[in-house]
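Everything quoted here is computed from the prediction, not taken from an experiment. Reminder, nothing fancy here: chain letters follow the sequence lines and each chain counts from 1.
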Amino acid sequence: MVMDVVVLAKHVPDPQGTPELGEDFLLRREGVDGALDPGDEYPLEAALRITEYHGGEVTVVSMGPEPAMTAIRRALSMGAHRAVLITDPALRGADALVTARVLASAVRRQPFDLVLAGIESTDGYTGTLPMTVAELLGVPAATFARRVEVNDRIVRTERQTEEGYDVVECPLPAVVTVTAGATEPRYPTLKGIMQAKQKPVERLTAADLGLSPEELAPTQSVIAVEAAPQKAVGEIVQGDDAVTRVADFLAEAKVI
Amino acid sequence: MDFDLSEEQREFQRAVREFAEEVVAPRTEEYDRNEEFPLEVVQRMGDLGLFGLPFPSEYGGQDADLVTFCLALEEIARVDSSVAITLEAATGLAANAVFRFGTEEQKERWLVPMARGQVLGAFAVTEAGGGSDVRALRTTARPEDGEWVIDGAKAFITNAGTPLTKVAIVAAATAPGEISAVLVPTDVPGFTVGPPYRKIGWRASDTRELAFHGCRVPQGNLLGERGHGYAGLLEVLDEGRIAVAALATGLARGCLEESVKYAKERQAFGRPIGAFEALQFKIADMRVAVDASRLLYLRAAWLRDRGRPYKAEAAMAKLYSSEAAVSAAREAVQIHGGYGYIEEFPVARFYRDAKILEIGEGTSEIQRLVIARALGLPGTEL
């Protein structure tokens with residue numbers, strides 16, 4: 001069974017660096033070093049393995065300004081077959097819901113069996129986008145998969161839990177979010193990097209997706225940013241009765 | 001004049017850097033301590049296509065030029081010289097010899113699995129009685145009943161006895177004064193692999209003696225033309241010198257980066273030690289040496305990639321960068337003080353790994369001779 005797999009990918013500021021906020025409290029995305037979100041490499045690797053096994057193609061869908069091509073190129077170098085990049089000045093400041101609308105509209109433009117995404121982005125961390133996309137596409141979502149297998153139009157995932165995992169199955173098409181433990185992403189080979197230049201990248205604007213200005217208007221905005229409060233200084237327990245006092249404290253806090 | 005790498009070279013350099021940091025570095029200390037061949041890392045490098053970099057894709061390669069291969073070596077050597085020399089000797093020497101001089105049949109049989117990192121070749125030229133004096137070889141290959149019969153021994157051979165080593169490229173006298181190269185599979189009766197040497201550095205690199213007692217291989221195992229072994233192997237060694245220069249640059253860069261980090265962290269007399277001019281100057285000199293090394297190897301590789309003469313430039317790159325690496329390692333240990341002398345920071349390993357760079361693939365003295373010869377100085381004629 002040939003699979004059309006879409007991977008939602010995000011270009012984020014260099015995970016090694018310190019991200020900067022602009023005066024409007026939005027993350028500065030232009031003119032900073034960026035990369036494919038490391039959390040997106042896991043769903044991409046899972047997608048590549050699925051299509052290597054079943055046949056089919058991996059399409060990477062991303063929304064972001066022009067520098068997001070760096071992330072797209074990385075995904076294509078790793079082996080994705082094609083990409084869609086939605087770039088539009090009107091999308092600056094898009095919140096998670098607007099982003100989900102844009103990505104869902106872009107995904108809907110082509111046939112798809114499976115949409116894979118990371119758990120959350122390493123810059124925004126809302127962790128709500130994949131499920132919103134599933135809702136907008138009207139397909140089931142299976143989340144926190146540490147393993148993804150496709151068999152006979154059913155996707156079977158192992159949902160990571162605190163104690164172990166749950167097995168979750170749903171019919172295709174579906175959206176699945178993939179954890180960092182799921183796969184070890186491959187590194188791009190030189191040949192992969194050279195071939196990436198030849199692969200098709202479709203560039204779209206919000207108008208191409210037929211989204212109205214209302215649908216593109218964020219309903220969330222950041223009105224203030226404050227430094228996280230410093231942790232209060234802890235108490236150092238000393239003396240002969242230290243053990244008793246620590247035990248009392250833990251009992252009081254209902255830890256023991 | 002253009003000092004920029006191509007966009008693809010930069011992307012690849014970044015991918016190899018990530019690989020070196022995420023896959024190679026976490027295992028380095030253990031392999032070094034146990035003097036163990038890094039099989040798992042080598043297999044992962046095979047997946048990444050590193051062993052096939054400079055060969056055409058029809059032979060399982062990646063179509064890279066020598067510049068790109070050297071960039072990868074620098075990134076690996078920045079964290080682990082043993083892994084870097086394993087790659088350099090397998091690809092730059094052994095596989096390269098098969099690529100340059102092999103028949104289509106030989107390339108199909110040996111180069112393809114070598115390019116994928118599934119098979120390592122041992123480039124067996126050096127003997128106990130002489131390294132750079134290649135013409136003094138005592139190993140012989142005698143024609144008999146349509147076969148070559150090989151007798152002799154080789155010393156200091158990299159990748160001689162790894163689990164992936166399946167063939168040796170043996171330089172042997174096929175007649176008095178006539179050197180040829182012969183492919184000798186490791187499973188031929190009479191092929192003996194010695195125990196690993198106990199080395200100062202490069203401890204995870206597999207280095208051993210090889211001995212041949214009446215090893216018989218088919219006539220078709222001659223690699224290149226009979227009697228062309230000397231010139232051919234020297235050509236391979238010239239390219240190898242550029243690669244070793246990239247390796248030395250990587251080691252020096254590792255020393256520089258570790259020194260900068262330590263000089264910012266370590267406090268003495270109420271200040272980070274990097275605030276003292278004595279250390280600033282050491283580290284500044286190290287930076288100059290790293291950049292000069294890189295520029296020298298890049299120029300030599302660039303000349304070679306354009307089919308232009310590069311022999312003297314390769315010798316200059318190898319000479320300068322290996323001596324710079326030894327100095328950088330010495331100063332990096334000095335900057336780390338007592339902590340540099342124990343296996344707590346990578347610089348102790350860098351110190352142990354550096355010295356061989358001035359010896360292997362042509363000693364510093366031989367490089368100076370090559371440079372002097374290129375200047376036409378008297379008494380240097382071949």
Side-chain angles (χ1 to χ4, degrees), chain A residues 9 11-18 32-42 44-46 48-49 52-53 60 62 66-80 83 85 118 122 179-199 201, chain B residues 5-27 40-73 75-76 79 83 87 91 112 115-117 257 261 305:
Chain A
H11 180 253
V12 296
D14 188 350
Q16 314 279 327
T18 311
V32 294
D33 272 351
L36 175 64
D37 192 325
D40 293 341
E41 292 194 5
Y42 303 99
L44 176 57
E45 178 64 36
L48 293 171
R49 289 186 193 190
E52 278 160 8
Y53 185 79
V60 174
S62 186
E66 193 52 37
M69 269 308 291
T70 309
I72 299 250
R73 263 204 316 277
R74 171 81 178 204
L76 295 174
S77 304
M78 284 172 69
L85 175 63
T122 51
T179 66
T183 52
E184 196 167 351
R186 65 195 66 186
Y187 294 86
T189 63
L190 182 67
K191 219 194 269 181
I193 290 168
M194 302 307 284
Q195 284 165 352
K197 288 193 297 186
Q198 317 297 333
K199 292 179 176 174
V201 179
Chain B
L5 299 172
S6 73
E7 197 174 304
E8 291 76 25
Q9 283 169 329
R10 285 201 306 274
E11 270 177 50
F12 182 64
Q13 188 181 39
R14 181 177 176 147
V16 179
R17 186 174 306 158
E18 289 170 5
F19 177 85
E21 288 171 357
E22 293 162 8
V23 178
V24 183
R27 297 161 173 87
E40 190 196 338
V41 170
V42 165
Q43 285 167 334
R44 295 285 306 270
M45 292 203 294
D47 296 341
L48 187 47
L50 296 186
F51 286 93
L53 270 181
F55 310 121
S57 41
E58 57 188 294
Y59 301 117
Q62 298 276 327
D63 296 312
D65 52 16
L66 186 59
V67 165
T68 308
F69 180 53
C70 287
L71 292 172
L73 282 171
E75 292 304 326
I76 303 281
V79 304
V83 171
L87 169 62
T91 297
V112 171
R116 296 191 177 128
E257 290 175 4
K261 197 159 79 184
D305 284 339

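- Every residue meeting the side-chain contact (heavy atoms from CB on, under 4.5 Å) condition with B/Val83, not counting sequence neighbours, appears here in chain and number order: B/Val24, B/Pro38, B/Val41, B/Met45, B/Ile76, B/Asp80.
- B/Leu50 does not touch chain A: none of its heavy atoms, backbone or side chain, sits under 4.5 Å away.
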Enumerate the inter-chain donor-acceptor pairs under 3.5 Å for chain A and chain B, one line per pair.
| from | atom 1 | to | atom 2 | distance (Å) |
| --- | --- | --- | --- | --- |
| A/Arg73 | NE | B/Glu7 | OE2 | 3.4 |
| A/Arg73 | NE | B/Glu11 | OE2 | 2.7 |
| A/Arg73 | NH1 | B/Glu7 | OE2 | 3.4 |
| A/Arg73 | NH2 | B/Glu7 | OE2 | 3.4 |
| A/Arg74 | NH1 | B/Glu18 | OE1 | 3.1 |
| A/Arg74 | NH2 | B/Glu18 | OE1 | 2.7 |
| A/Glu184 | OE2 | B/Arg44 | NH1 | 3.1 |
| A/Glu184 | OE2 | B/Arg44 | NH2 | 3.3 |
| A/Tyr187 | OH | B/Glu22 | OE1 | 2.4 |
| A/Leu190 | N | B/Gln62 | OE1 | 3.4 |
| A/Lys191 | N | B/Gln62 | OE1 | 2.8 |
| A/Lys191 | NZ | B/Gly61 | O | 3.4 |
| A/Lys197 | NZ | B/Glu8 | OE2 | 3.4 |

